[in-house]
Structures are given as C-alpha cells and as structure tokens.
Amino acid sequence: MAGLRTVGAIALTLGVLAALHTDVTHMVAGAMAAMVATFAIREKDVRGQAVTLALGLPVALAAVSLAALLHNQVVGGDLFFIALIFGAVYSRRFGDRGTALGLIGFQIYFVSLFVSATVPTLPKLYATLAIAFACSAVVRFAVVPETPERVLGRLRDAFRARLAQLVGTQTELLDADPDQLEKVIDDLRRGTARLHETALMIQGRLEEGTRDSATASLVQRRVADAEIAAERLGVLLLNARSAERADTLTLHLPHAPLPEPSKRPYGDDDATRTLRRDLGALQLLVARPAPVDRGTALSHVRNRLLGYRDEDNLPRGSAAVQDVFRGIGEAARAVLGLRLALDGPQDESDDSPATTRSREEIDAEDLAITGSEKEEDDEDDRSGLQRPTTRAAFQVAVGSALAIVGGEFLSSQRWYWAVLTCWVVFLNTASTGEILVKGYRRLVGTVFGVVAGVLLAGIVGNHTWTAFVLVLVFIFAMFFTAPLSYALMSFFVTAMLGMLYTLLNTYSLDVLVLRIEETALGAACGIIAAVIVLPVHTDRRTDELLSTVLVRLGDVVSAAVEQLSGGPAVDLLDKARDLDTALDDLRASTKPLTHPITPLRVRRQTARYLVALLETCAYHARSLAATAELVPYSKTIAADPRLGRAGLRIAHNIDVIDAHVRDEKTGGEVEAGASIASMLEADGTGALRSGTVTFRVLRHLQRLDEGVVGLARPLDVPIAGRRR
C-alpha cells in the first residue's frame, strides 16, 4: 500500500507538471519531492497525517531556500548540512511527526543538491514542491486512502489467511514422509512466525482502528486465543508424529534436531483418516468469513469439531492422537470466537449442544472484558548523551562530516551521495553491529544496482517517459522489498537513480562507478562514527534487550500464576504482548550476530538458540496468560492455590539469570530438580485431577521451568547441584 500510494503521488505530480510544460529537471525534483512527502509520514490517524503534511511544506520550502542560498558557499553549506542532519535525527525523539519533518527537511535539501538549486530557480522550485505536496495529499486522502479502520480490516483478513495457511501446513505434517519432514517443519516454523507477526501488527492498530477500548480488548483476546490454539495444535501434531513427546523448541529453532518419526504407519487407520479430514474442515472454517457462509454444511462441520471438547466424542486412537483431536476442538472454539469478534453475531439455529456451550463460554468472557485503557509505556528516563536520539544525532553528524570531507576528494559535484549513505545506515539501527550489517547490505545492493543502471540506461536512451515509467516501477519495488531485504531495496534505489541521471543527461559509467565509491565511503564513515562516538556495542545492546525480555517474561509468569492461584485479576494479555514486543526487539538486535558473514560461528549458534528458547518460553507464557484470564468468570475452570508454589521457582530462576545478564554479583544459582508436578503433589493434597486448572496449565509450567533452566547453560549461569 505504501508503494502504491507513493507511485500514485509521483505519477500524478508528473502528469500535472507535464501539463504545465515543466522542464525535465523540475519534473525530477517534483517526483522526488512527492516521494518524500508520501513515505515520510507514518502517523496512524488521518488528522495527524494531514497536519504533518501541512507542516512539511514550509519545512521543504525552507530547506530548498537555504540550499539555494548556500549553493556557492562551500564551507557554510557544509556546516549547515551537518547541522540539518543533526536536527533531523534529533527530532526523532518527538515521535512520528518529528521524525517525518526531520526526514522531509533532510531529503528536500538533498533533492536541491541533486538538481543544483540556485536562487534564480527558486520560484519554479517553490511551485514544483507545492504541486508535489498537493498531489501527495490527493493520493493519500482520496485515491489510496489509509484509515486506521481500513488498515485493521486488511490485517484481520491477513490474520485469517495466515491462520488457514498454518492449518494447511499442519495437515502436511501429518502425512509427510520421513525424508520430507524437515521441509514441512521448516514451513511450520515459518507459518507460525508469520501468524505471530500478523497478531503483533493487529495489536499495534487496535487502539486507533476500533470504535472503543472494549471492542479493541475483545479483538485482542480473540486473536490471542486463535494464535495460541494454532501453535498448540502444531505441537500436538509433532507429538503425534514422534516416537516420544516432541520438544516445543522444534517449532522455534532453525536446524533443531527433528523428532524421530513414529514407527506406526500413518494413513491406514480410521483415527488418522478422521484426523486428516477434520484438519481440512478446520482450515475451511478458518478461511471462510461469516458473511460468505451459506447453508448448513459449515455449521455441521463446526458442530463436529467443537464436539471434540467433550471426552466422550473423541475418536479411538493413541493418547497422542486423541490429544490432537482435543487440540482441534480448542482451535475450533478459538475460531468461533474470532468469527464472532470479527464478523458479528451469526445464525445459531443449527447449533449442537457442544456449540451452544462454547458460545455461552465466549459470551461470558466477552461480558467480563472490561476494555480498560492500556497503560502508556514508561517514558525513557535517560537524559543527555544517553538518550538514543541524542547519541544517534551526534554519531550521524560526525559521520556526515567525515563523509563530506572524503566525498569532496572523490567528487566536488556529487559528494552528497556519501552523506546520504551515512544517514541511511543509521536509520532504524541501534548498535554498531546493526550499522555494519546495514552498510554491507547497502553496498552490495548498490553494486548490483549500478550494473542494472548501466544496462537500462543504454536501452532507454533518450526516451524520457520510458525512463519515468521505469522510475515508478523501481520505486514500487523499493517499497515492496524493503521489509524483505535491505540489499534488494538498495538495488532498486540505485537502478532508479540511474534512470534519473539519464533523464538529467548526466549519465555515464564514471558517474555510476562514483556512486559505488561514495556509497562505500559513506558506509565506512558511518561505521567509524558509530565506533568512536558514544558507541553502543552489539553485546551491550543485546544484553539490555535480553534483560528486558527476562523482566517481561517474569512479569507475565508471576501475574498469570498469581491469578491461577486465586489472586486478583490483571490485564495479562497486555503483559503478554509487551513480552512479545520486547522479544521482537531482541530478535532484531541479534541479526548482526546471526548474519552469515559473522565469523564467530559458536556465538551465532548461541544467539539463535537463546532467541528460540525465549520464543518457546513466550509461547508457554502466552498460554498461561490466556488460561489465567478465564479463571475469574469461568464456570468450568477454578483457581488452584498450589500453583503459587510452582511459580516461585520459575520466578527465582528468571531473577537470577536477569541479574547475571546485568552483571550484578548476587551469587545466586538457578534451581533445578524435581518436576513441577512432583512438587505440587508433594504437599499431601493428592494427585492432580483431570479437568482442574492445575492439570490444564501443568505442562506449560513444566516447559517454562525447563526452558528457563535451559537459558542458564549458554549464559554460564551457575545451576545449583551441578558443576557444569
């Protein structure tokens, strides 16, 4: 959508400028200004977008005016450019609007350098910028409108599609031959991760995209239920395919040891045939929205799947296969809740008793959802040079100063390419390692983009509109590939610039080779600045984020166990999403450690293992939170005070590991020993009974306990009773 909106704004700008018989230079300036005015604005609500766009025009006019006035002032122009870069980065501390205005100021100044703006050309440039911003507004608010409600609607459709794809992959897992198992499990990991990513995107849009907080809480609850049920179903299917119970880590760690397939042949018994049929039915139930639902066939399918929630309706089979049927029943219930939340009330005339019971449970949960506002995140209490935006501003300013000096030696006309690269490698990065990887990827993309630019420029020649069409194609490809590969995005950026050079009649092989040299210089200057100016080393950054994840994990587990033990109700799903957000930040910060060019293979494997283990712990914590939220108002689930004791060891172990990560000399040790079940049964109250909340959450607590102890080993945290 961002690509379509940007291409539309550029095309409309070019059309208006062509109708006014504008020369090619100003058409290029207008196209670049329209692109900046469109992609820089990232606010979610329409009113905020309009205000920022309106403020962006005077910022752009001021930038181009100063660029023209300082055109012949080499030292003054360079000093102002450095000050502008510092201000543009520092303005990120003021949120989306500050980020957008800073980006507009920097990019329009860069455009002015690109088209060699002078004072006599200012009137035409003013008119060009005004047209570009007006066209951007028309496309944004009329042609390709983006409202929070529309975005949330697309995300909900995407979540439904991802969920259906994941169920389809789980069906493949059931029938996969041993030699196909690795590929199917890789697909299962990928599908689970994409479903989780979509759930997080929905979480980020709920506040603006729903009419009130109660509706937002309802959708949040149902999305979380569906995600957890789908992930649990994948684990149960792995168990059914394994000779012994599979490790949950298999779903989260690439290249993890695969479970040994069961010796029993699949596909020949009644239970497996029924299982295959019902997985297909579940996929149909997920994929078809309620408004499309016609007739009674889907109602019968839903009734059958929900019937598996009753023990008497389970088909005969092994214990592992019966667990899968139970998982299908719980997944069908989650899908029913999701359909009610997304599509509204539905026909209940064909409901079976099992479906009626599920509806009553869902209605009771809906009534209990308070819809309380989510607490605002704590403000960053760091000040001065410790604030990330301040530190980044100084780093970029120093790096840009180096890039200007070095760029002038390479070319007195196009030195600004080095500055642009230095600026870009600092965007959305927070450590030296991230800057190094981003600079490397940009250089690789630029080299291949130059090759493509050489070939395309020779083919296009003097065909102006053909070149503009290719520019639009490359811009869309740039936006489309940005989330997938930074190197690919850099490739399309460089190919687009080759077309722009062709339009300005400044194309030559020497210019494109200079582009590679300036890019390499800019990346090197950015890396040097990141290393010598207030550096944030990758290890330090990952340790900080790892500590945050551990704190969030401890918060979720402690609050869930307390509520499961009969404590007061709290907003557990918000705590779980805070954990997911922190884990996503940690995963992003470890990319320099897990990148293929990293020479330290042991550290790369350790980082992957830690992240995968934390993802497994987060899955079990989400499951605990979802179950705990049912306790205050459920008629079928009761609190069990014995669980409070089980949570103490997990909380203690998390605190010990967190203290070790923060390098606090506490002398604590991780406790490992008897299983959670044996600890609970040792209090003399008898064995755990099926149907109690204790029995339901026991496996999640056990896996959490094992996962937290597993974190201690690669982090060199001492474990009580062990020498190693």
Side-chain angles (χ1 to χ4, degrees), residues 160-189 191-192 195 226 229-246 248 250-251 258-288 293 295-336 338-339 350-355 357-358 690:
R160 199 195 304 266
R162 289 294 190 201
L163 184 56
Q165 290 173 356
L166 181 57
V167 175
T169 305
Q170 291 169 347
T171 306
E172 295 177 12
L173 175 64
L174 184 68
D175 293 325
D177 295 331
D179 57 342
Q180 300 174 327
L181 196 58
E182 183 174 358
K183 177 183 180 302
V184 175
I185 291 181
D186 282 342
D187 292 341
L188 192 63
R189 291 190 193 107
T192 303
L195 182 69
E231 194 164 3
R232 178 171 179 266
L233 182 58
V235 173
L236 295 174
L237 278 164
L238 275 176
N239 291 335
R241 279 301 314 263
S242 307
E244 57 184 18
R245 191 166 293 278
T248 318
T250 305
L251 276 182
L258 299 180
E260 182 182 350
S262 174
K263 304 302 181 184
R264 183 174 63 83
Y266 277 80
D268 298 332
D269 62 298
D270 293 337
T272 306
R273 283 194 294 269
T274 304
L275 190 57
R276 187 182 301 108
R277 178 200 65 184
D278 288 337
L279 284 171
L282 179 63
Q283 185 179 12
L284 177 65
L285 190 65
V286 171
R288 182 173 296 183
D293 187 6
T296 61
L298 209 61
S299 299
H300 290 312
V301 167
R302 181 190 62 218
N303 292 340
R304 185 178 75 247
L305 300 185
L306 288 171
Y308 294 145
R309 300 185 67 216
D310 295 329
E311 294 291 324
D312 295 339
N313 294 330
L314 293 176
R316 292 184 178 181
S318 66
V321 171
Q322 285 196 329
D323 279 344
V324 178
F325 280 110
R326 293 188 186 94
I328 290 176
E330 292 301 323
R333 181 193 183 277
V335 171
L336 175 62
L338 188 67
R339 288 165 68 92
D350 296 318
D351 283 357
S352 66
T355 304
R357 179 168 66 87
S358 296
S690 176

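Below, all heavy atoms of this structure are taken into account, side chains as well, without hydrogens, waters or symmetry copies.
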Under the 3.5 angstrom rule, does the side chain of Arg309 hit a backbone N or O of Ala332 as a donor-acceptor pair?
no
Which residues pass the side-chain hydrogen bond (donor to acceptor under 3.5 Å, both in side chains) test with Gln165, not counting sequence neighbours?
Arg162
Side chain proximity check, Ile185 to Leu238, heavy atoms < 4.5 angstrom
yes
Taking the side chain as C-beta and beyond, is there a heavy-atom pair between Leu338 and Val286 under 4.5 Å?
no
Report the residues that fulfil side chain to side chain contact (heavy atoms under 4.5 Å, CB included) with Arg326, sequence neighbours left out, ordered by chain and then residue number.
Glu311, Leu314, Gln322, Asp323
Using the side-chain contact (heavy atoms from CB on, under 4.5 Å) definition, which of the options Asp351, Val335, Leu284 pairs with Arg302?
Asp351
Can you check side-chain contact (heavy atoms from CB on, under 4.5 Å) on Leu236 and Ile328, steps first, answer last?
CA-CA 10 Å; Leu236 295 174; Ile328 290 176; over 6 Å; no
Would Ser352 and Thr355 count as having a side-chain donor-acceptor pair, cut-off 3.5 Å?
yes
With Thr171, which residues qualify under side-chain hydrogen bond (donor to acceptor under 3.5 Å, both in side chains), at least two apart?
none
For Ala331 and Ala229 the tightest heavy-atom approach is CA-CB, 3.8 Å
Beyond-backbone contact of Leu237 with Leu188, side-chain heavy atoms, under 4.5 angstrom
no
Write down the atom of Leu306, the atom of Gly329, and the distance for their closest heavy-atom approach.
CD2-O, 4.0 Å
In chain order, what residues pass the side-chain hydrogen bond (donor to acceptor under 3.5 Å, both in side chains) check against Asp278, with sequence neighbours excluded?
Arg304, Tyr308
Less than 4.0 angstrom from a charged side-chain N to a carboxylate O is my criterion; do Arg189 and Asp186 meet it?
yes
Only counting residues at least two apart or in another chain, list the ones meeting side chain to side chain contact (heavy atoms under 4.5 Å, CB included) with Val167.
Gln170, Leu282, Gln283
